[in-house]
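Heads up, the thing below is written out as structure tokens.
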Amino acid sequence: MRKVLALALAAALVCGGVFVSPALAAYKDEYKLDIVPGISTGWGLGAQHFSDLVRERSGGKINIKVYANSQLTTGRQTNAFMLLRNGTIDFACQSTINYSPQIPELNLFALPFFIAGQPDRYKALDAITHGKSGELVAEAIEKKGGKFLCFGENGFREMTNSKKEIRSPEDLQGLKMRVVGSALFLDTFKALGSNPVAMPWSDTMSALQQGVIDGQENPINIIYPNKVYEYNKYITNWHYMGDPTLFVVNPKIWMSFSYEDQELILKAAKEAAAYQIAIARVGIDEKDGGKNLEYLKSIGKAPEITDWNAELARVGMVVTNLTPEETRKFVELTKPVVDTWRKTIGEELVKAAEADMAAVK
Ligand code: X2X
């Protein structure tokens with residue numbers, strides 16, 4: 001069928017005696033890929049790896065350029081899905097958080113302590129992304145107009161601030177915390193007694209520097225390369241939500257690739273995602289016996305830092321790891337938020353995720 005269509009298209013393109021092959025006519029010189037943070041973050045490195053693999057393997061035919069720092073959304077990261085859908089953005093490696101205003105199902109990952117509350121949070125997250133619930137999430141994205149390729153990872157999100165060590169919700173009272181522009185985050189941080197401010201990431205570093213906000217939450221892979229520690233001395237490792245990335249493409253662009261190139265792109269996305277996941281996890285409270293480090297070495301990408309708590313302390317941070325009892329207080333206060341948001345996300349999906357996680361306990 002595809003061949004017949006290609007032939008018909010090729011015939012249609014014979015104009016003025018010049019034959020233009022459908023592939024040559026359809027492929028762009030450059031495909032724009034959207035990411036929110038800088039290239040030196042784990043998120044950025046994974047996206048760049050994807051671009052490099054595709055360029056190499058296609059012999060330079062498919063050139064995907066990574067536009068970092070929300071350039072393609074001019075800082076409006078929560079508009080990113082609309083721009084992917086309308087073709088302003090061709091490819092993206094995006095956080096579920098930034099697409100969640102348009103695709104409510106994606107709030108699943110941001111339910112406070114939903115994944116972190118499992119015995120092994122990494123296993124639990126993998127159970128979702130590889131399970132029935134992950135399929136439902138992919139379906140939700142496709143229904144709304146994005147071609148889903150695979151899940152990568154930004155990382156579990158931790159909390160930093162300039163004022164004090166946070167061990168309990170009482171310590172958070174009144175602190176001005178920057179959160180992403182998604183209602184679930186405002187609800188979570190209000191429930192904990194803080195004073196959350198929704199703000200794009202592109203404004204966050206200067207807001208921290210100027211003291212407009214006291215703190216923020218992000219994975220260590222974002223915190224460290226952005227030198228958040230220059231303004232925020234305190235970090236609390238609470239892992240309260242897992243933040244996978246989504247490798248996606250505009251469906252029309254996807255259909256413009258030959259079947260072979262689609263395969264090439266999908267394989268490259270999966271490899272880049274595996275790399276991104278490993279760097280999001282290596283050296284952070286792993287229970288995998290060094291599997292991530294071994295994997296990164298095996299692909300020639302051994303990380304410089306293999307113990308993040310030690311490194312954060314070295315650059316002057318007070319690193320706080322919560323005990324299970326301390327974590328419980330945060331869980332209790334955010335439980336009503338989980339109960340409310342289950343309905344927005346959809347019970348079927350939340351239950352599927354619970355079943356996927358229970359299966360690997
Ligand atoms: O805005 C953030 O905090 C970031 C960079 O992590 C996301 O885009 C979700």
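In listed order, ligands and their atoms are each counted from 1. All residue numbers in this chain count up from 1 along the given sequence.
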Taking 4.0 Å as the limit for heavy-atom contacts, which would you say applies to Pro37 with ligand 1: side chain only, backbone only, both, or neither?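 The answer is neither.
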Residue part near ligand 1, for Asn98, under 4.0 Å between non-hydrogen atoms: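 It is the side chain that gets close, since no backbone atom is under 4.0 Å.
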Does ligand 1 have any atom that is closer than 4.0 Å to a heavy atom of Arg178? yes
Does Arg157 come within less than 4.0 Å of ligand 1, judged by its heavy atoms? yes
Could you verify whether a donor N or O on one side chain and an acceptor N or O on the other, from Glu165 and Thr320, lie under 3.5 Å apart?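 Yes, Thr320 and Glu165 have a side-chain donor paired with an acceptor closer than 3.5 Å.
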Between [X] and [Y], does the ring centroid distance fall short of 6.0 Å?
X	Y	result
Phe247	Phe148	no
Tyr67	Tyr31	no
Tyr240	Phe156	no

N or O contact, Gln77 vs ligand 1, cut-off under 3.5 Å: yes
Test of proximity, Asp243 against ligand 1: N or O pairs below 3.5 Å: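 In this structure, Asp243 places no N or O atom under 3.5 Å from an N or O of ligand 1.
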Return the closest protein heavy atom for atom 6 (O) of ligand 1 as residue, atom name and distance. Asn218 OD1, 2.6 Å
Quick check on side chain to side chain donor-acceptor pair (under 3.5 Å): which of Asp214, Asn232, Asn218 does Thr160 satisfy it with?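 It is Asn232, the one option of Asp214, Asn232, Asn218 that forms the side chain to side chain donor-acceptor pair (under 3.5 Å) with Thr160.
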